[in-house]
Trainee: 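What follows is a single structure, and I will ask about it in a moment.
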Number of protein chains: 2
Amino acid sequence: MDTSDRLIESTQELLWERGYVGTSPKAIQQRSGVGQGSMYHHFRGKPDLAAAALRRSAEQLRELAERQLGGPGTAFERIANYLGREREVLRGCRIGRMAQDPEVIADPELRAPVEETFEWLTGRIAGVIEEGRAAGELRPGAPAAELARALTAVVQGGYVLARAADSAEPFHQAVQGAIALLRSQLTED
Amino acid sequence: MDTSDRLIESTQELLWERGYVGTSPKAIQQRSGVGQGSMYHHFRGKPDLAAAALRRSAEQLRELAERQLGGPGTAFERIANYLGREREVLRGCRIGRMAQDPEVIADPELRAPVEETFEWLTGRIAGVIEEGRAAGELRPGAPAAELARALTAVVQGGYVLARAADSAEPFHQAVQGAIALLRSQLTED
DNA sequence: GTCTATATTCGGATAGAC
DNA sequence: GTCTATCCGAATATAGAC
């Protein structure tokens, strides 16, 4: 792995753990083992490096989600698999976390990967819901986009509840509740 | 309003806008118009002041939520009123925001009001769901605690989606989706 | 490409006068 | 109770040597 990659990877980790405002260039240098002059040779500064790190995290998150959402099974099963998949709950979402930071939200370069990730994710889930409805598996009803937003929000909010409680339990309860509500949309009910 | 109150109120605002790590004693002094010596006379330092501010925000949030959850209407209506009530969506949740900050989570004094707020809120919503079930208004099914966690998570996650999109729209979609799912739990369906 | 030196401002206080 | 002075390290770089 080359110098740029080590810098990006360390920045991804630090942004996840400490957020943008809590991540310093010095901490990135120490974690990556890359010197100061070297870091400023490869990147213009902290915002530039953070943008690269966020783009990479966004890409990884989409790949992970696609494994369940594009996997085998009925529409309900694919969404339930996505919601219930194993996660490092107490670490939170490496993308969603950025939404809290005013400096990220204020900088279009930094906000773009965050916005695009959630647009992609809710669109993807809405598409699966539409497939399920077309197949007669899921009831028609509320707009698929609204259900997809609600499901995405349960995951993001679940992280918040878990960190507040310093326990993964609230996250898992929230996800179970969401799956139960989605199950009641099955036509066989 | 006395000096302590002005300090606490300014700290509440800054914690909401910028988070714990992004809030400096100097910024608090400037916003409150209170001098440095005075601030350190009334509070031992930033953590002490932040703890006071968070306790007050937690109390205010419970009062606000109780207006809908303890208000008139059926169980469904009370929860739908709570979910759909007007909010400053793009500012986020002043309590939920703290869950992202590692220094808040690591300090029991700071985390306690955050944890207690969500425990109270999910318990209160679960209670309303139980009332609705006892009255024959809502179907039995998933544990009320799980549904309550999911609904609470939708609100918290809705804030995340809204800030990511720099638009209140995803929040409102998520809430509408959640209300639609809850509506399908009505026995009259 | 990488290193070390230097610069400026901020963060988060403590000390002591008034 | 409030004010001003002072302190020390961290944040975020820039400059120039190697």
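We name chains A, B, ... by the order of the sequence lines, and we start the count at 1 in each one.
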Trainee: In Å, rounded to the nearest 0.5 Å, how long is the span from CD of B:E13 to OG1 of B:T23?
Mentor: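 Reported to 0.5 Å precision, the distance equals 11.0 Å.
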
Trainee: Give a yes or no on whether a salt bridge exists between B:K46 and B:E103, defined as a side-chain N under 4.0 angstrom from a carboxylate O.
Mentor: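 Looking at B:E103 together with B:K46, the answer is no, because their closest N to O distance does not fall below 4.0 Å.
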
Trainee: Rounded to whole angstrom units, what separation is found between the CD atom of B:Q29 and the C1' atom of C:dT14?
Mentor: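 These atoms are roughly 13 Å apart.
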
Trainee: Could you check which of C:dT2, C:dG11, D:dA11 has an atom nearest any side-chain atom of B:S24?
Mentor: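 Looking only at heavy atoms from C-beta outward on B:S24, the closest nucleotide is C:dG11.
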
Trainee: Expressed in angstrom and rounded to an integer, what is the separation of A:R6 atom CZ from C:dG1 atom P?
Mentor: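 In whole Å, C:dG1 P and A:R6 CZ are 14 Å from each other.
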
Trainee: When the distance from CD1 of B:I28 to P of C:dC10 is rounded to whole Å, what number comes out?
Mentor: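 One finds 16 Å between P of C:dC10 and CD1 of B:I28, rounded.
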
Trainee: Could you name each residue pair satisfying ring-ring contact (aromatic ring centres under 6.0 Å, His included) that touches residues 147-166 of chain A, not counting sequence neighbours?
Mentor: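 Every pair satisfying ring-ring contact (aromatic ring centres under 6.0 Å, His included) with a residue in residues 147-166 of chain A: A:Y159-A:F171.
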
Trainee: Could you check B:Q36 against B:T3 and say which one's nearest nucleotide on DNA chain D is further toward the 5' end?
Mentor: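 Upstream on the strand: B:T3.
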
Trainee: For a quick check of understanding: with a heavy-atom distance under 4.0 Å over all strands, which category does A:G37 fall into, base, sugar-phosphate or nothing?
Mentor: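 Result for A:G37 = base.
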
Trainee: From CZ of A:R44 over to C1' of C:dG1, roughly how many Å is that when rounded to an integer?
Mentor: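 Distance check: A:R44 CZ to C:dG1 C1' gives 18 Å.
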
Trainee: Which whole-number value in Å describes the distance from A:Y40 OH to C:dA7 C1'?
Mentor: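 That distance rounds to 13 Å.
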
Trainee: Describe the nucleic acid contact of B:T23 in one word from base, sugar-phosphate, nothing, applying a heavy-atom distance below 4.0 Å.
Mentor: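 Sugar-phosphate contact only - B:T23 comes under 4.0 Å of backbone atoms but never of a base.
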
Trainee: Is any side-chain N or O of B:H41 closer than 4.0 Å to OP1 or OP2 of D:dC3?
Mentor: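 No, B:H41 has no side-chain N/O under 4.0 Å of OP1/OP2 on D:dC3.
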
Trainee: Is the shortest distance from a Lys or Arg side-chain nitrogen in A:E119 or A:R149 to a carboxylate oxygen in the other one below 4.0 Å?
Mentor: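 Salt bridge present between A:E119 and A:R149.
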
Trainee: Given atom NZ of A:K26 and atom P of C:dA5, what is their separation to the nearest angstrom?
Mentor: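 The answer, rounded to whole Å, is 13 Å.
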
Trainee: Nearest whole angstrom, please: distance from the C1' of D:dG9 to the CD of A:Q30.
Mentor: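 That distance rounds to 13 Å.
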
Trainee: Run through B:R31, B:R97, B:R94 and flag the one making a side chain to side chain donor-acceptor pair (under 3.5 Å) with B:E17.
Mentor: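 Answer to the side chain to side chain donor-acceptor pair (under 3.5 Å) test with B:E17 among B:R31, B:R97, B:R94: B:R31.
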
Trainee: By nearest atom, which of the nucleotides C:dA13, C:dG1, D:dT12 is closest to the A:H42 side chain?
Mentor: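 Among the listed nucleotides, the one closest to the side chain of A:H42 is C:dG1.
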
Trainee: Quickly work out the B:D5 CG to D:dG1 C1' distance and round it to whole Å.
Mentor: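 Distance, rounded to whole Å: 16 Å.
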
